[in-house]
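Along the sequence shown, residues carry numbers from 1.
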Amino acid sequence: MTGTDVQKEAEDSGPSGYAAARLRLLTEEARSGPPRRAALADLTDEWLTGLFAAGAEGLRGASLVAVGGYGRGELSPRSDLDLLLLHDGSDTKAVAALADRLWYPVWDLGLDLDHSVRTPAEARKTAGEDLKVQLGLLDARHIAGDLGLTTSLRTAVLADWRNQAPKRLPELQELCAERAERQGELQYLLEPDLKEARGGLRDATALRAVAASWLADAPREGLADARRRLLDVRDALHLTTGRATDRLALQEQDQVAAELGLLDADTLLRQVYEAARLVSYASDVTWREVGRVLRSRAVRPRLRAMLGGGKPAGERSPLAEGVVEQDGEVVLARAARPERDPVLPLRAAAAAAQAGLPLSLHAVRRLAATVRPLPTPWPAEAREQLVTLLGSGRPTIEVWEALEAEGLITRLLPDWERVRCRPQRNAVHLWTVDRHLIETAVRASEFTRRVSRPDLLLVAALLHDIGKGWPGDHSVAGEIIAKDVATRIGFDRHDVTVVATLVRHHLLLIDTATRRDLEDPATVRSVAEAVGSQGTLELLHALTEADALATGPAAWSSWRGSLVADLVKRVSAVLAGDAPDDPEEAAPTAEQERLALEAAATGSPVLSLRAQTEPPAGQEPSGDPEPLGVELLIAVPDQPGVLPAVAGVLAMHRLTVRTAELRSLYLPDGVDGSVLLLDWRVAAEYGSLPQAARLRSDLVRALDGSLDIAGRLAERDAAYPRRRGVVAPAARVSVHPAASRLATVIEVRSQDAPGLLFRIGRALEDASVQVRSAHVSTLGANAVDAFYVTGPEGAPLPGDEAATVARKLEETLRG
């Protein structure tokens, strides 16, 4: 039977004919999805048209209007009918009788009905008072009666909506946010509400309303398909349950998947999550654009400048090479060339996350369309930018989702595709596999002060469950994948082994602590053998807690934490034989000795600035991974204040310190005095490097006191208002008395920032301690610095004095 035949049967046979035709339509296996929804709407239109014609004989100035989902023609098998009986007010008694002729047959069939009887003026007034009514009227569609009356109302409602958009859109956004708070995020829920959860059908409808305001529009690519998929799942849910429900319960997912011809419930959920993710991302972008437009309308740029209300609209502030901030978003600089700069996506993402700003949709799409693939292995800058992105805390999530929405994540990390939108059928887990991995990295960023290699911690957090996309033990599969990924992104062989070990054993501590007898020496020995070193144990401890916290509230508790800490303490005792190398044993190179002799002869600083090169794209590097930026060698006659002077000059010239070493160099016999040698790796924040002669000139002035570094840095900070950015963990300063026989080792773990090393050096100078050597490393956004200090007589500091220095240094960095 054709659709026309079905409609004719309904029209000819009245309510019983409509019911039979409706049933036949819903059981046709050949028709599903949008065609079935459209046919069901047409069938219902024909039936209601017949009812209206029979009850409105001789009545003028009345029409029947479909609103809401029915108005859009999106009737699912158990959808309610949203109807408005519109009239001009000339014959209210006849209209009331017509209403009875319309509503009662609907109720008699057991269909849910949302109905109202209003004049155009009443409809507009109600819409002005009730946002949900106004949203329904935006989709008003004429069914029967006076077409002019319906058209006039629709035109007026749309005009009202556009005129009132500056007021109503913030209300709509707040309504969406409240609903999301109640219902959660559709893309992560095991039993999601397809309509009410964030990223569901109501949000898709809200995007249509925003577009109707002409104020902003949603990214359209894929949005219609995402909406269709959610509606298809709701149709199947209605058919399998026989109820008007939007909640996809666990016990019904296999049946719904079968109804849709899908392999299993996991495949079903993954499709739902993918659609919801697209709607959620489109919502984020759209509401951000709405906010921008409303702000620009509220305050004229010239008036804002006159009143001192901030930067003029459109002004760009540099964030990184090729990346700027504009209008509260991160965009590409005008001179950026993504087709020539394969690191740009990661650099832009890291800059956005560190600044706590969203990546603009235009920037992400341009990157996706034009950027070249990264070489294998990645250049060191790409690896550093990835670490910085992962270590940025909560802002990482929004930035990561923006990259993923345009397919950039799977291009950077192809193995990500297997875990993307993958559900976890475990009530303990709050998130899908991919979102859990990002959440673990976010949690791990809070622990970067606890470990000496935060870069390895963050990458291991990102990869620890990467094996869940493969059959078998996900830890075993993940170890293999982690080795491949860590090698591809440019870690050396030792670091690759550490990352792989962390992934392989990321459940070892929690499982052992909660399931084994820690008093049994064999238990502790087995963990020590698996871990292998104190450094790996430290990383595994932090990863274990981050993983558990990212899983959900049921996965971590103070009791579990104490058990794991006890196990770590016991394992650490077994591994205690691993003593650190003496940092003062390395012999100087010929270049270092030449600079030292020249500094001793001239009595002034001598420096060498040499650019470092990386192997061509696709070529395997030889030896150690390539350094970042340039190598800066400085030899200075031993004197107070060298460390803060050098660090301050570099900060003034916007040079980021990636790694740094400072040590005393003993000169050959016959040469008087001693020299401090600084071997640093630096990189320009953006722009070109300064000239070596200018650096040396400023360093001479800094050492003789004629250059006020602190004042210069303070002026620059004041000129650039602090962005809200990421809230970093507080700095942590600790003393390691057993790390050296010749000095006291003070370790600083902090968020990297311009002038950080200058502040540390000045604080140590103020504490009247001598820095015998320093070992500085910047890992992503984290600085891990170790300073070997002595008292004025050259001996290690007494315990209480060392603790006082550490405490004052920590207070300085937190102030």
Q354 vs T388, test: side chain to side chain contact (heavy atoms under 4.5 Å, CB included). Steps then yes/no. CA-CA 8 Å; Q354 282 289 297; T388 299; 3.6 Å; yes
Give the C-alpha distance, both sets of side-chain angles, the deciding distance and a yes or no for salt bridge (Lys or Arg N to Asp or Glu O under 4.0 Å) between E74 and R37. CA-CA 6 Å; E74 296 174 346; R37 286 190 291 274; over 6 Å; no
Does the side chain to side chain contact (heavy atoms under 4.5 Å, CB included) test come out yes or no for V65 and L153, once each step is laid out? CA-CA 10 Å; V65 183; L153 174 65; 5.5 Å; no
After noting the C-alpha distance and the side-chain angles of R292 and E329, does the key distance pass the salt bridge (Lys or Arg N to Asp or Glu O under 4.0 Å) rule? CA-CA 10 Å; R292 187 192 66 78; E329 290 185 326; 5.9 Å; no
Could you please spell out the steps behind the side chain to side chain contact (heavy atoms under 4.5 Å, CB included) verdict for Q183 and R247? CA-CA 11 Å; Q183 299 291 340; R247 185 166 300 280; 3.4 Å; yes
Is there a salt bridge (Lys or Arg N to Asp or Glu O under 4.0 Å) between D284 and R288 once you walk through the steps? CA-CA 6 Å; D284 290 340; R288 203 159 61 231; over 6 Å; no
Dump the intermediate steps for side chain to side chain contact (heavy atoms under 4.5 Å, CB included) on L189 and L248, then the final yes or no. CA-CA 10 Å; L189 297 169; L248 189 58; over 6 Å; no
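No side-chain heavy atom of L543 sits under 4.5 Å from any side-chain heavy atom of F447. Side-chain atoms of D341 and R347, non-hydrogen and from C-beta on, do get closer than 4.5 Å to each other. Counting only heavy atoms from C-beta outward, the side chains of H436 and H464 approach each other to under 4.5 Å. Between L462 and L413, the closest side-chain pair of non-hydrogen atoms falls below 4.5 Å. Taking the side chain as every heavy atom from C-beta outward, L190 and L269 approach each other to under 4.5 Å. Put simply, the side chain of V210 reaches to within 4.5 Å of the side chain of W287, judged on heavy atoms. Contact of the R208 side chain with the R227 side chain is registered, since non-hydrogen atoms from C-beta on lie closer than 4.5 Å. Counting heavy atoms from C-beta on, the side chains of L172 and L135 come closer than 4.5 Å.
Residues that satisfy the side-chain contact (heavy atoms from CB on, under 4.5 Å) test with V419, not counting sequence neighbours, are W416, V433, D434, L437, I466.
A salt bridge links D246 to R234: one of the charged nitrogens lies within less than 4.0 Å of a carboxylate oxygen. At a threshold of 4.0 Å, the pair R229-D232 does not count as salt-bridged, since none of the basic side-chain nitrogens sits closer than that to a carboxylate oxygen. Of the charged side-chain nitrogens involved, none lies within less than 4.0 Å of a carboxylate oxygen, so that E401 and R277 do not count as a salt-bridged pair. In summary, E439 and R394 engage in a salt bridge, as defined by a charged side-chain N under 4.0 Å from a carboxylate O. A salt bridge links D415 to R488: at least one charged side-chain nitrogen sits closer than 4.0 Å to a carboxylate oxygen. By the 4.0 Å N-to-carboxylate-O rule, R420 lies close enough to E274 to be salt-bridged with it.
Remark: side-chain polar atoms of E289 are not paired, donor with acceptor, to backbone N or O of D217 under 3.5 angstrom. In this structure, the side chain of R168 engages the main chain of G128 through a donor-acceptor pair within 3.5 Å. Although no hydrogens or angles enter the test, the distance criterion places no donor-acceptor pair under 3.5 Å between the side chain of D130 and the main chain of T126. The backbone N or O of G71 lies less than 3.5 Å from a partner atom in the side chain of R141, making a donor-acceptor pair. No donor-acceptor pair closer than 3.5 Å links the side chain of T448 to the backbone N or O of A444. Here the side chain of R814 pairs a donor or acceptor atom with the backbone of A731 at under 3.5 angstrom. Looking only at distances, no side-chain donor or acceptor of Y281 sits under 3.5 Å from a matching main-chain atom of E398. Between the side chain of R411 and the main chain of G407, no donor-acceptor pair closer than 3.5 Å is present. Panel note: side chain R179, backbone E196; a donor-acceptor pair is recorded below 3.5 Å. Side-chain N or O atoms of T432 include none that pairs as donor or acceptor with a backbone N or O of Y188 at under 3.5 Å.
For A165 against P170, the heavy-atom pair with the smallest separation is O-CD, 3.8 Å. Minimum interatomic distance between V399 and A353 (heavy atoms only, all atoms of both residues): CG2-N, 3.9 Å. Heavy atoms only, all atoms of each residue included: A548 and W556 are closest at CB-CE3, 3.4 Å. Across every non-hydrogen atom of A351 and A320, the tightest pair is CB-CB, 4.2 Å. Heavy-atom minimum distance, P338 versus L332: CG-CD1, 3.9 Å. Counting all heavy atoms, side chain and backbone alike, P379 lies closest to L374 at CD-CD2, 4.1 Å.
Interatomic distance, CD of E404 versus CG of L412, reported as 11.0 Å (0.5 Å rounding). Rounded to the nearest 0.5 angstrom, L230 CG and R202 CZ are separated by 13.5 Å. The structure places CZ of R443 at 13.5 Å from CG of L457, a figure rounded to the nearest 0.5 Å. For the atom pair Q326 CD and R334 CZ, the distance stands at 6.5 Å (nearest 0.5 Å). Note that CZ of R435 and CD1 of I397 are 4.0 Å apart. Values are rounded to the nearest 0.5 Å. Atom CG of L278 and atom CD of Q187 lie 10.5 Å apart (nearest 0.5 Å).
The number of heavy-atom neighbours closer than 6.0 Å to CD of E181, taken from other residues, nucleotides and ligands shown, is 12 or below.
Side chains of D203 and S283: no donor on one and acceptor on the other come within 3.5 Å. The closest side-chain donor-acceptor pair between Q164 and E171, if any, does not fall under 3.5 angstrom.
Of the residues listed (V324, V323, D327), the one engaging R316 in a side chain to side chain contact (heavy atoms under 4.5 Å, CB included) is V324, and it is the only one.
Remark: R162 is positioned above the aromatic ring of W214, its terminal NZ or CZ atom under 6.0 angstrom from the ring centre and at most 45 degrees off the axis.
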